[in-house]
Amino acid sequence: MPLRIDVITIFPDYFAPLQLSLMGKAQQSGLVTIAIHDLREFTSDRHRSVDDTPYGGGAGMVMTPEPWGQAIDAVVTDQSTLIVPTPAGKLFSQPVAAELAHSTHLIFACGRYEGIDQRVVEYYRPRIDVRELSIGDYVLAGGDVATLAMIEASVRLVPGVLGNPESLVEESHQLPGVEYPSYTKPPTWRGLDVPEVLLSGHHDQIARWRAEQSTIRTTHNRPDLLPGS
Ligand SMILES: NC(=S)c1ccno1
């Protein structure tokens, strides 16, 4: 049963990259199906409006609930997970990507402006799994880029999508901490040599060096990921 993904957005063209590379191959292989829906197709006024002023005042505009209800109803099943990218959401992570990779149906609601009327989340929450997710503590112009990131992080974990599943074992955020640094040919580049141990053929020494490098890198870049932190 392929993972089905429906993306609802006012900028369908943002998702053209999903036809390329690994994401494109995943769809061609039938492991994943991805459909992009223009929210404005679900409006009923001649201006195809999708936003209005916020109740309670404040800057910016809020996306009205009606088009969202029509659009989500057009694709939702009782197996759906509705994902709303928002800086106010729980933090998206590799474990969350792994959960989504094993889902049946994901619906991504890409908000713009000041976000989507909260009643959309409130309406679907008692009916299906609804997740407000953030890809980081920063604000984007909308949920589209966050959706692209979450789709790529999740789809690559769908069994069969990656040619060599071994490459999932040692990558950052799979193991405790971040990954060790990688090197390839040439052995010397602009006077910089590849660490000698990597050319030694001593697999135990290489494994030890990589574990040390992972700890050094994690301590420097992401001490919050160190065991016990
Ligand atoms: N940080 C996230 S997911 C976001 C969505 C819209 N703006 O920021």
Side-chain angles (χ1 to χ4, degrees), residues 2-20 23-24 26-27 32-92 96-97 100-101 103-136 138-155:
L3 166 60
R4 175 167 178 78
I5 298 175
D6 285 290
V7 178
I8 304 168
T9 173
I10 59 173
F11 293 115
D13 292 350
Y14 250 93
F15 296 90
L18 291 177
Q19 299 310 315
L20 306 174
M23 296 300 104
Q27 294 177 80
V32 178
T33 65
I34 303 177
I36 312 298
H37 308 274
D38 184 345
L39 180 68
R40 293 191 193 276
E41 296 299 319
F42 298 90
T43 57
S44 50
D45 65 308
R46 65 194 178 91
H47 296 297
R48 294 164 43 107
S49 309
V50 293
D51 63 321
D52 206 327
T53 53
Y55 279 122
M61 303 289 272
V62 176
M63 299 191 95
T64 54
E66 297 96 329
W68 284 105
Q70 296 295 328
I72 294 168
D73 283 355
V75 297
V76 75
T77 75
D78 56 8
Q79 301 290 310
S80 304
T81 296
L82 173 63
I83 297 165
V84 183
T86 168
K90 291 182 178 178
L91 192 59
F92 179 74
V96 175
L100 299 187
S103 302
T104 301
H105 182 212
L106 303 175
I107 304 171
F108 286 89
C110 303
R112 281 268 154 173
Y113 316 117
E114 297 306 311
I116 303 171
D117 186 303
Q118 193 62 20
R119 286 171 292 179
V120 173
V121 165
E122 289 166 16
Y123 175 82
Y124 288 101
R125 186 151 270 158
R127 294 169 170 83
I128 57 172
D129 180 22
V130 178
R131 299 189 180 196
E132 294 177 285
L133 294 177
S134 172
I135 61 168
Y138 42 81
V139 180
L140 302 167
D144 307 84
V145 166
T147 294
L148 275 171
M150 288 191 271
I151 288 176
E152 179 159 315
S154 304
V155 166

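In this structure, the separation between CD1 on Ile8 and CZ on Phe108 is 11.5 Å, given to the nearest 0.5 Å. Atom CG in Asp51 sits 12.0 Å away from atom CD1 in Ile116 (nearest 0.5 Å). Taking CZ from Arg127 and CD1 from Ile72, the interatomic distance works out to 11.5 Å, rounded to the nearest 0.5 Å. One finds the CD atom of Gln79 at 9.0 Å from the OG1 atom of Thr81 (value rounded to the nearest 0.5 Å). In this structure, Met23 CE and Glu152 CD are separated by 5.0 Å, a value rounded to the nearest 0.5 Å. Distance CD/Glu132 to CZ/Arg125: 5.0 Å, rounded to 0.5 Å.
Closest approach of Pro12 to Asp38, counting heavy atoms only: CG-CB, 3.8 Å. The shortest non-hydrogen separation linking Ile135 to Met150 is CG2-CG, 3.7 Å. When all heavy atoms of Cys110 and Val7 are compared, the closest pair comes out as SG-CG1, 3.8 Å. Shortest non-hydrogen contact noted between Ala109 and Pro85 is O-CD, 3.1 Å. Heavy-atom minimum distance, Leu39 versus Ala71: CD1-CB, 4.0 Å. Minimum interatomic distance between Arg48 and Arg40 (heavy atoms only, all atoms of both residues): O-NH1, 2.7 Å.
No side-chain heavy atom of Leu106 sits less than 4.5 Å from a side-chain heavy atom of Arg4. In this structure, Leu100 and Ile83 have side chains that are in contact, with non-hydrogen atoms separated by less than 4.5 Å. For the pair Val76/Leu82, no side-chain contact is recorded, criterion being any heavy-atom separation below 4.5 Å from C-beta on. Between Thr147 and Phe15, the closest side-chain pair of non-hydrogen atoms falls below 4.5 Å. Put simply, the side chain of Tyr113 does not reach to within 4.5 Å of the side chain of Pro54, judged on heavy atoms. Residues Ile5 and Val155 form a side-chain contact, since some pair of their non-hydrogen atoms from C-beta on lies under 4.5 Å apart.
Around atom CD of Gln27, more than 12 heavy atoms belonging to other residues, nucleotides or ligands sit under 6.0 Å away.
With hydrogens and angles ignored, the 3.5 Å screen pairs a side-chain donor or acceptor of Thr9 with a backbone N or O of Phe11. Side chain of Ser103 to main chain of His105: no donor-acceptor pair is present (N/O by atom type, distance under 3.5 Å, no hydrogens or angles). Using modelled atom types, no side-chain atom of Thr64 and backbone atom of Glu66 make a donor-acceptor pair closer than 3.5 Å. At least one donor-acceptor pair closer than 3.5 Å links the side chain of Tyr124 to the backbone N or O of Gly69.
Electrostatic pairing of Asp117 and Arg119 counts as a salt bridge here, judged by a charged N lying under 4.0 Å from a carboxylate O.
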